[in-house]
Amino acid sequence: MENLLWFLVIGLVAGWLAGALMKGGGFGLVGDLIVGIIGAVIGGVLFGAAGVGGGGLLGAILMATVGAVILILCLRLLKRA
């Protein structure tokens with residue numbers, strides 16, 4: 001149960017950071033959470049494939065934020081097409 005709570009907190013922080021970095025102004029609480037969680041999965045896959053691992057809470061937030069930024073970039077590209 002505690003791991004799920006940390007996963008949600010990391011997803012929320014990562015989604016908010018990605019929204020701020022991408023000049024999107026955030027997506028609201030639920031939107032930030034969804035973007036952050038999907039970003040955490042994307043970041044985990046990419047960083048895992050590159051052989052770069054965790055690093056604790058800050059490393060998890062960094063991986064999730066990078067994944068969320070990539071997700072936002074892909075969504076913006078699809079929206080233009």
What distance do [X] atom [atom1] and [Y] atom [atom2] have between them, rounded to the nearest 0.5 Å?
| X | Y | atom1 | atom2 | value |
| --- | --- | --- | --- | --- |
| Ile34 | Leu71 | CD1 | CG | 10.5 Å |
| Cys74 | Ile38 | SG | CD1 | 11.5 Å |
| Leu46 | Met63 | CG | CE | 10.5 Å |

(request) Taking side chain to side chain contact (heavy atoms under 4.5 Å, CB included) as the test, write out the residues that go with Ile72, two or more places apart. (result)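 Per chain and number, Ile72 pairs via side chain to side chain contact (heavy atoms under 4.5 Å, CB included) with Ala18, Met22, Phe27, Val35, Arg76.
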(request) List for me each residue that meets side chain to side chain contact (heavy atoms under 4.5 Å, CB included) alongside Leu17, sequence neighbours excluded, and say none if there are none. (result)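 With sequence neighbours excluded, Leu17 shows a side chain to side chain contact (heavy atoms under 4.5 Å, CB included) to Val13, Ile61, Thr65, given in chain and number order.
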(request) Give the cluster check for Leu21 versus Leu73: same hydrophobic cluster or not, with ILVMFWY residues linked at side-chain heavy-atom distances below 4.5 Å. (result)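 Yes; Leu73 is reachable from Leu21 via cluster members.
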(message) According to a hydrophobic-cluster definition based on side-chain heavy atoms being under 4.5 Å apart (Ile, Leu, Val, Met, Phe, Trp, Tyr only), do Val41 and Val30 belong together?
(response)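 Unlinked, Val41 and Val30 end up in two clusters.
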(request) Show which residues join Leu29 in its hydrophobic cluster (side-chain heavy-atom contacts under 4.5 Å, direct or indirect), or state none. (result)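 Result for Leu29 is Leu4, Phe7, Leu8, Leu12, Leu33, Ile37.
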(request) Could you pull out the closest heavy-atom pair between Ala64 and Ala14, with the gap in Å? (result)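 Heavy-atom minimum between the residues: CB-CB, 3.4 Å.
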(message) Is any side-chain heavy atom of Ile10 closer than 4.5 Å to one of Leu57?
(response)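 Leu57 vs Ile10: side chains touch.
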